[in-house]
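The analysis underlying the following values was restricted to heavy atoms, covering all of them including side chains, and did not include hydrogens, waters or symmetry mates.
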Amino acid sequence: MFASAVAVLRARIPSTMRNVSTHSGKGISAVLQKNPDDIVITFAKRTAMGKNRKGQFKDVPVDEMMQALLKATFEKTKLDPAKLDDICVGTCHPPSPMYSSRAAALASGIPHDVPISTVNRLCSSGLMAIRNIAHAIQSGEISMGMAIGVENMTLNPRPTPVIAESVDEIPRAHDCIQPMGWTSEMVAQTYQVSRQKQDEYALISHTRATKAMATGIFSEEIIPVEIRGTVISVDDTIRPGVTMEMLSGLKPVFQEWGDAATTAGNASGIGDGAALCILTTRERAEKENMEILGKWVGSAVVGVEPRYMGIGPIAAIPKVLTQVGLTKDDIDIYEINEAFASQFAYCVEELGISMDKINPNGGAIAVTHPLGMTGVRQVVTGLTELRRRDKRLLCTSMCVGSGMGAAGIFVNEARPFCQAKL
């Protein structure tokens, strides 16, 4: 499946077409090469995450969350916010996201002449924010920007899409607005992903995340934020002690659809949180003595059959690898979003990637999936893990509501934590 997808993509992408990447060269040597015009990441952190309805962000709107994250970022980095040329916020469901994002920026001390925009491509919104800032730097329009991903799904759950009757009568159009749980069951039924297999993959996520939390791994990627006099610095979404027996005993959530195999234990959590990255050129980072954590290499977005929304990574990952001239084996760590164990299991097995490389500290099934945050959170988590392991290449990917997929390639350039402390 993976090999055939790559062959199709190579046939579709003309050799004369410029890559959507930091540099025009292809292959691992070109990807690892350091050039003055590279788009690099100089800061990448996330807030702790909060569980739906009962968590630590349950009554904190996205503007207040962003304000706290921005203040903590400027305090930590000592960056003059006036140096930012642009900001892009990935978020999906808050009302008037442009106004709330602009207000949060101004309230955090960012000057009024620093512009801001928002982007909504559902589960990939955070990655799209990074992509938009990277493209703006690449084009020469700006030289430093910030990408933010944020969502409070407690306060702003998914609204029910409403479309015209004449549109809804087209089957694919009808399918693309259906609840995500329905797409999970369609993938499980069509591609024969059993309940047992879904629970087995879910258990891996829960077990890894529990270990990561217990050993303090997540503390390396979390920046504490102060909200209403309380410092928030630890995820409250992870459920220690999950067993296969517990997972197999849970009742299906969507009993009216498919084989009814999706449960609260093998689907991503609904949660709240925010994450950000600061991007600039290598030349400017070096000139201003900014620590370079990593490099943005390229990204890809694809469309898939809406009914099987969850298979997006199967198309997106080969596409981005082809664009930059890498193979799946070149990648050291994959962060693939676990929207549902049904689609995640199918993607992993169709792509033929070892679980040893995927979500080493668990994924959204265990840690939760605030829609706008996830695309940035995966980059923060992946680069931090590469730094810990002293490895180089990261691929992030996710399925996207309505029938799409997205993926990105990043290079770790940070010194291992043990060396950085010397």
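Applying the side-chain hydrogen bond (donor to acceptor under 3.5 Å, both in side chains) rule to pairs touching residues 363-376 yields N337-H369, H369-T374, sequence neighbours excluded. Within the structure, ring-ring contact (aromatic ring centres under 6.0 Å, His included) contacts touching residues 225-254 (residues at least two apart or in different chains) are F254-W257.
Side-chain contact, T262 with E185: a donor N or O sits under 3.5 Å from an acceptor N or O.
No more than 12 heavy atoms of other residues, nucleotides or ligands shown are found within 6.0 angstrom of CZ on R172.
Annotation: ring-ring contact (aromatic ring centres under 6.0 Å, His included) contacts of Y308 (sequence neighbours excluded): Y191. Among residues two or more places apart in sequence or in another chain, the side-chain hydrogen bond (donor to acceptor under 3.5 Å, both in side chains) test is passed with D59 by R228. With sequence neighbours left out, D85 forms a side-chain hydrogen bond (donor to acceptor under 3.5 Å, both in side chains) with S143. Under the side-chain contact (heavy atoms from CB on, under 4.5 Å) criterion, Q196 pairs with S194, E200, M244, not counting sequence neighbours. With sequence neighbours excluded, the residues satisfying side-chain hydrogen bond (donor to acceptor under 3.5 Å, both in side chains) with S342 are S184. Residues passing the side-chain hydrogen bond (donor to acceptor under 3.5 Å, both in side chains) test with S205, sequence neighbours excluded: E338. Qualifying salt bridge (charged side-chain N to carboxylate O under 4.0 Å, His left out) partners for R195, counting only residues two or more places apart in sequence or in other chains: D199. Applying the side-chain contact (heavy atoms from CB on, under 4.5 Å) criterion to A214, with sequence neighbours excluded, gives no partner residue. Applying the side-chain contact (heavy atoms from CB on, under 4.5 Å) criterion to D86, with sequence neighbours excluded, gives P115, I133, I142.
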- In sequence, state the C-alpha distance, the side-chain angles, and the governing distance for I130 and V376, and then conclude on side chain to side chain contact (heavy atoms under 4.5 Å, CB included). CA-CA 7 Å; I130 292 174; V376 182; 4.2 Å; yes
- Item | From CA spacing to verdict: side chain to side chain contact (heavy atoms under 4.5 Å, CB included), N412, L293 | CA-CA 6 Å; N412 166 49; L293 301 180; 5.9 Å; no
- CA sep, side-chain torsions, deciding dist, call: R377, V367, side chain to side chain contact (heavy atoms under 4.5 Å, CB included): CA-CA 11 Å; R377 196 276 302 168; V367 302; 4.2 Å; yes
- Checking salt bridge (Lys or Arg N to Asp or Glu O under 4.0 Å) for the pair E64/K71: CA distance, chi angles, key distance, verdict? CA-CA 11 Å; E64 190 174 5; K71 283 185 172 181; over 6 Å; no
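Side-chain contact between M398 and L127: present, with at least one pair of heavy atoms (C-beta onward) separated by less than 4.5 Å.
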Could you give the side-chain donor-acceptor pairs of residues 146-156 under 3.5 Å, partners two or more places apart or in another chain?
residue : atom : partner : partner atom : Å
E151    : OE1  : T91     : OG1          : 3.4
E151    : OE1  : C92     : N            : 2.8
E151    : OE1  : G372    : N            : 2.9
E151    : OE2  : C92     : N            : 3.4
E151    : OE2  : H93     : N            : 2.8
N152    : OD1  : T154    : N            : 3.0
N152    : OD1  : L155    : N            : 2.7
N152    : ND2  : F57     : O            : 2.7
N152    : ND2  : V60     : O            : 2.7
T154    : OG1  : N52     : OD1          : 3.2
T154    : OG1  : R53     : N            : 2.9
T154    : OG1  : D272    : OD1          : 3.3
T154    : OG1  : D272    : OD2          : 2.9

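The cationic group of R46 lies under 6.0 Å from the six-membered ring centre of F218 and within 45° of the ring axis, placing it in a cation-pi geometry.
At least one donor-acceptor pair closer than 3.5 Å links the side chain of Q198 to the backbone N or O of V193.
Remark: of the listed residues I39, V31, D38, V31 is the sole one forming a side-chain contact (heavy atoms from CB on, under 4.5 Å) with V297.
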